[in-house]
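This is the structure I have questions about; it appears just below.
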Amino acid sequence: MNVKRILTIILAVVLIQFISLNVLGDKSDVKYIRVGLKNPMVYQDQAVISTNNGFVIGTMDNGFNEILKTDAKSLFIRLDDFYKIEDSIKLVNEDEQLDYGPYHLEIKGEYKEYDDVEAEIINLKDASIKAYPYYNGKFRIWLGFYKTYEEALTESELFSEKLGKKINVIDNSNMRIVIEDNKGNVLLVLDPDAKLYIKSNVAEGYESIIAVNGSNYRDYLTLNRIDKELIIINYLPLEHYLYGVVPREMSANWPLEALKAQAVAARNYALISLKRHDDLGYDLCDTQHCQVYAGYDWENIKSNKAVDETYGKVLKYNGKLVNAYFHSTSGGHTENSENVWEYEIPYLRGVKDDFSIGSPNYSWQLVLNNKEIKERLEANDISIGDICSVEPLVRSEYGRVLELKIEGTDGVEILKKEKSRKVFGYASLKSTWFDVKSDADVYVVSGVNFKPVKTTLNKVYIVSANGMVTNTRNVYSQVKITNGDKTNIMPVIPNMYVFEGRGWGHGVGMSQWGAKKMAELGYNYKQILEYYYTGAKVE
């Protein structure tokens with residue numbers, strides 16, 4: 001490796017470590033957040049939103065600016081290139097024979113206000129022409145949902161002659177969204193780049209609650225589209241977002257100080273992860289990929305209180321936001337960041353955690369047979385034949401497995417750090433703090449210090465009376481081991497492996513069950529956070 005390449009690698013490592021400690025600077029003044037709603041989406045191409053009060057649609061520019069209002073209690077939102085069957089919300093694709101299509105006609109002319117375009121649409125209705133508004137920052141009048149360009153072109157000539165105006169054909173596009181009321185009237189065809197925001201039609205000072213496919217959310221919805229996917233985005237204040245996060249990440253029945261610690265950790269995570277999904281038009285998703293967010297339906301008075309009483313509070317290290325990782329329970333000791341991921345982060349140091357002792361999943365067991373291990377490896381594109389042994393090679397100073405060696409008949413695989421959990425399943429192999437036993441385990445005594453050493457029968461050599469040395473793996477499928485009057489028949493190649501472990505999660509940062517115990521013992525949320533995040537301070 002040449003010097004230039006070495007310097008490039010060093011520079012890259014330093015830069016990544018710098019970014020990890022200074023994630024885009026201090027964002028603690030952020031007020032609003034965009035959350036992509038995946039959980040309530042039954043289909044990728046359509047959604048029904050509803051409210052008891054009707055809707056107001058508008059833009060955001062130094063506050064909400066109303067564009068249009070409707071008394072409709074529900075709106076049907078769909079992709080423009082999927083076509084609706086009359087009196088139904090079922091959508092079908094363009095291969096089926098329907099009267100709806102993604103080609104439109106446009107009457108030449110622009111309108112700045114919705115009232116102006118609506119007045120012209122009423123005039124057209126009086127002339128028995130059904131029209132609707134298109135919006136891309138300005139309003140235009142569109143006609144029809146035609147299946148083919150040729151059909152639209154023929155109709156454009158007829159309408160042009162009837163109206164005495166120029167009529168343009170609008171081609172099929174994978175960019176448009178259609179908003180219809182519950183009577184099937186098209187309120188808008190929308191270009192998602194021209195952002196519009198939807199809220200419940202409530203008086204100022206009252207909470208706007210909108211349901212997406214039956215799940216309720218606060219404040220505003222906005223829309224985006226990526227190819228064949230309709231994306232519903234909840235736009236709301238950061239603190240309202242936390243109302244829907246904290247009770248999903250920690251039981252709202254737990255002590256208030258533990259919930260307050262969770263609220264600060266969740267606030268830090270949200271701020272430090274802003275624009276994680278910017279390519280999709282939002283900041284964070286509502287799944288475990290970011291933080292689980294369940295909206296208004298999951299809110300709880302106690303967890304809301306935890307958010308309110310920590311309003312604006314964040315955790316910082318040397319004046320920068322901390323990436324406040326957390327996990328369910330540490331098993332008795334948290335872990336250094338570099339032993340789980342790649343980089344050493346000064347505030348993510350392992351600490352003794354007696355507060356997690358005795359918590360659910362403090363200890364656990366996973367039993368897998370040869371076939372199951374082989375299948376899980378192959379599901380992760382690892383093919384090493386039939387499994388012969390599984391053993392930890394390297395551990396961290398706190399006991400977690402950094403390298404897990406799996407030997408097969410066709411090769412050897414070393415699973416490093418969290419990859420073992422990825423392969424065996426995060427919910428199955430609950431942490432990397434584990435030992436492995438098998439039904440072929442034996443202890444042998446060396447002739448030097450007579451210290452028992454655990455091994456497996458497939459690695460044992462038998463010396464016969466005539467001095468012949470034989471590896472049991474090459475000759476036997478099972479052996480008899482006699483201890484006094486008791487004889488055990490044991491497999492040479494293990495059939496079963498037992499993982500005996502401690503803790504649940506990656507083990508970095510705050511243990512949630514540890515935080516609960518600390519709160520029960522009288523610690524406040526600042527003490528909890530500053531205990532688990534070395535050198536960090538709540539500000």
Side-chain angles (χ1 to χ4, degrees), residues 327-333 335 339-340 356-380 382-396 398-409 411-445 451-460 472-473 476-483 486-507 513:
H327 55 279
S328 178
T329 180
S330 71
H333 207 292
E335 189 55 83
N339 291 333
V340 176
S356 290
I357 293 176
S359 62
N361 295 297
Y362 166 71
S363 61
W364 50 266
Q365 189 178 86
L366 171 66
V367 180
L368 296 172
N369 60 36
N370 273 344
K371 181 181 177 183
E372 290 170 322
I373 293 176
K374 181 180 179 182
E375 288 174 349
R376 296 192 189 195
L377 288 169
E378 289 177 346
N380 286 269
I382 301 170
S383 297
I384 56 173
D386 295 327
I387 307 304
C388 301
S389 68
V390 178
E391 59 179 318
L393 280 186
V394 181
R395 293 183 182 272
S396 76
Y398 305 125
R400 285 177 173 78
V401 176
L402 301 182
E403 293 185 7
L404 181 68
K405 179 183 178 182
I406 305 178
E407 184 177 354
T409 54
V412 174
E413 182 72 18
I414 306 294
L415 302 180
K416 296 185 178 181
K417 301 180 182 179
E418 284 282 288
K419 190 173 181 182
S420 58
R421 295 187 66 210
K422 178 180 181 295
V423 168
F424 293 119
Y426 292 101
S428 300
L429 192 63
K430 294 181 177 179
S431 77
T432 55
W433 192 349
F434 59 81
D435 291 312
V436 183
K437 297 180 179 179
S438 78
D439 55 358
D441 284 347
V442 292
Y443 286 85
V444 296
V445 178
K451 182 179 179 181
V453 177
K454 190 181 85 167
T455 186
T456 51
L457 283 173
N458 62 330
K459 298 180 180 179
V460 172
T472 58
R473 177 175 170 181
Y476 306 105
S477 61
Q478 60 185 35
V479 298
K480 293 181 180 180
I481 296 180
T482 301
N483 179 13
K486 186 177 181 181
T487 299
N488 293 325
I489 298 176
M490 298 178 64
V492 173
I493 304 295
N495 294 317
M496 303 295 295
Y497 295 89
V498 181
F499 296 77
E500 295 181 342
R502 297 169 62 176
W504 194 347
H506 47 64
W513 279 94

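No experiment lies behind these values; they were computed from the predicted model shown.
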message: Can you confirm whether T432 sits close enough to R421 that some side-chain heavy atom of one is under 4.5 Å from a side-chain heavy atom of the other?
response: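 Touching, per the 4.5 Å side-chain cut-off.
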- request: Write down the atom of G505, the atom of S431, and the distance for their closest heavy-atom approach.
  value: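 Smallest heavy-atom distance, with atoms named: O-CB, 3.6 Å.
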- request: Taking the side chain as every heavy atom from C-beta outward, state whether V412 and I384 have any pair of such atoms under 4.5 Å apart.
  value: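 Answer no - side chains too far apart.
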- prompt: Under the side chain to side chain contact (heavy atoms under 4.5 Å, CB included) criterion, do N380 and K422 qualify, and how do the steps go?
  reply: CA-CA 9 Å; N380 286 269; K422 178 180 181 295; 3.1 Å; yes
field: Atom of E378, atom of S383 and distance for their closest heavy-atom approach
entry: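 Shortest heavy-atom separation between E378 and S383 comes out as CG-OG, 4.0 Å.
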message: Assess the residue pair S420 and V401 against the criterion (side chain to side chain contact (heavy atoms under 4.5 Å, CB included)); give the C-alpha distance rounded to whole Å, side-chain angles, the decisive distance to 0.1 Å, and a yes or no.
response: CA-CA 9 Å; S420 58; V401 176; 5.8 Å; no
- prompt: Under 30°, 30 to 60°, or over 60°: which ring-plane class applies to F424 and F499, parallel, tilted or perpendicular?
  reply: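 Because their plane-to-plane angle lies in the 30° to 60° range, the rings of F424 and F499 count as tilted.
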Distance, nearest 0.5 Å, that separates OG of S330 from CG of N361: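 Answer for the OG-CG pair, S330 versus N361, is 12.0 Å.
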- prompt: To the nearest 0.5 Å, what is the distance between CG (N495) and CD1 (I387)?
  reply: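 The CD1 atom of I387 is 12.5 Å from CG of N495, to the nearest 0.5 Å.
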Test item: L404 and V423 side chains (from C-beta on) under 4.5 Å apart, heavy atoms: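 No, too far: nothing below the 4.5 Å cut-off.
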message: Show the nearest heavy-atom pair for residues G507 and R400, with the distance to one decimal.
response: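 That would be CA-NH2, 3.8 Å.
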- request: Show the numbers, then the answer: is there a side chain to side chain contact (heavy atoms under 4.5 Å, CB included) between V390 and V436?
  value: CA-CA 7 Å; V390 178; V436 183; 4.2 Å; yes
Stepwise side chain to side chain contact (heavy atoms under 4.5 Å, CB included) check, L402 with K416: CA-CA 5 Å; L402 301 182; K416 296 185 178 181; over 6 Å; no
R502/D435 ion pair, N-O < 4.0 Å: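 Judged by the 4.0 Å cut-off on N to carboxylate O distance, R502 and D435 do not form a salt bridge.
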task: Check whether any side-chain heavy atom of E403 lies under 4.5 Å from a side-chain heavy atom of L415, and answer yes or no.
output: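 Heavy-atom side-chain distance check fails, nothing below 4.5 Å.
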query: Can you tell if the side chain of H506 reaches within under 4.5 Å of the side chain of E418, non-hydrogen atoms only?
result: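 Yes, close enough: below the 4.5 Å cut-off.
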query: In Å, rounded to the nearest 0.5 Å, how long is the span from NZ of K374 to CG of N369?
result: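 Reported to 0.5 Å precision, the distance equals 12.0 Å.
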- prompt: Which pair of heavy atoms, one from W433 and one from H333, lies closest together, and at what distance?
  reply: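 Smallest heavy-atom distance, with atoms named: CZ3-N, 3.6 Å.
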- request: Tell me, please, which residues at least two apart from E500 pass salt bridge (charged side-chain N to carboxylate O under 4.0 Å, His left out).
  value: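 Only K437 meet the salt bridge (charged side-chain N to carboxylate O under 4.0 Å, His left out) criterion with E500.
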- request: Name all residues meeting the side chain to side chain donor-acceptor pair (under 3.5 Å) criterion together with N370; count only those two or more places apart in sequence or in a different chain, and write none if there are none.
  value: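 Result, side chain to side chain donor-acceptor pair (under 3.5 Å) vs N370: none returned.
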message: Does any part of the side chain of I406, heavy atoms only, come nearer than 4.5 Å to the side chain of L377, both counted from C-beta?
response: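 In contact.
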query: Mind checking whether W513 and S328 have side chains closer than 4.5 Å, heavy atoms only?
result: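 Yes - at least one pair of side-chain heavy atoms lies under 4.5 Å apart.
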- prompt: What residues form a salt bridge (charged side-chain N to carboxylate O under 4.0 Å, His left out) with K417, not counting sequence neighbours?
  reply: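 So K417 forms no salt bridge (charged side-chain N to carboxylate O under 4.0 Å, His left out) with any residue.
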field: Contact summary for N339 and S396, nearest pair of heavy atoms
entry: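 Scanning both residues completely, I find the closest heavy atoms to be ND2-CB, 3.5 Å.
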task: For residues T329 and S356, report the shortest heavy-atom separation together with the two atoms involved.
output: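 Shortest heavy-atom contact: OG1-CB, 3.4 Å.
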- request: Measure the spacing between CG of L429 and NZ of K419 and express it to the nearest 0.5 Å.
  value: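 It is 14.0 Å, given to the nearest 0.5 Å.
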Sub-4.5 Å side-chain heavy-atom contact between V498 and S438: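 A side-chain contact is absent here, since even the closest heavy-atom pair is not under 4.5 Å.
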field: Separation between CD1 of I373 and OH of Y497, rounded to the nearest 0.5 Å
entry: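 Reported to 0.5 Å precision, the distance equals 6.0 Å.
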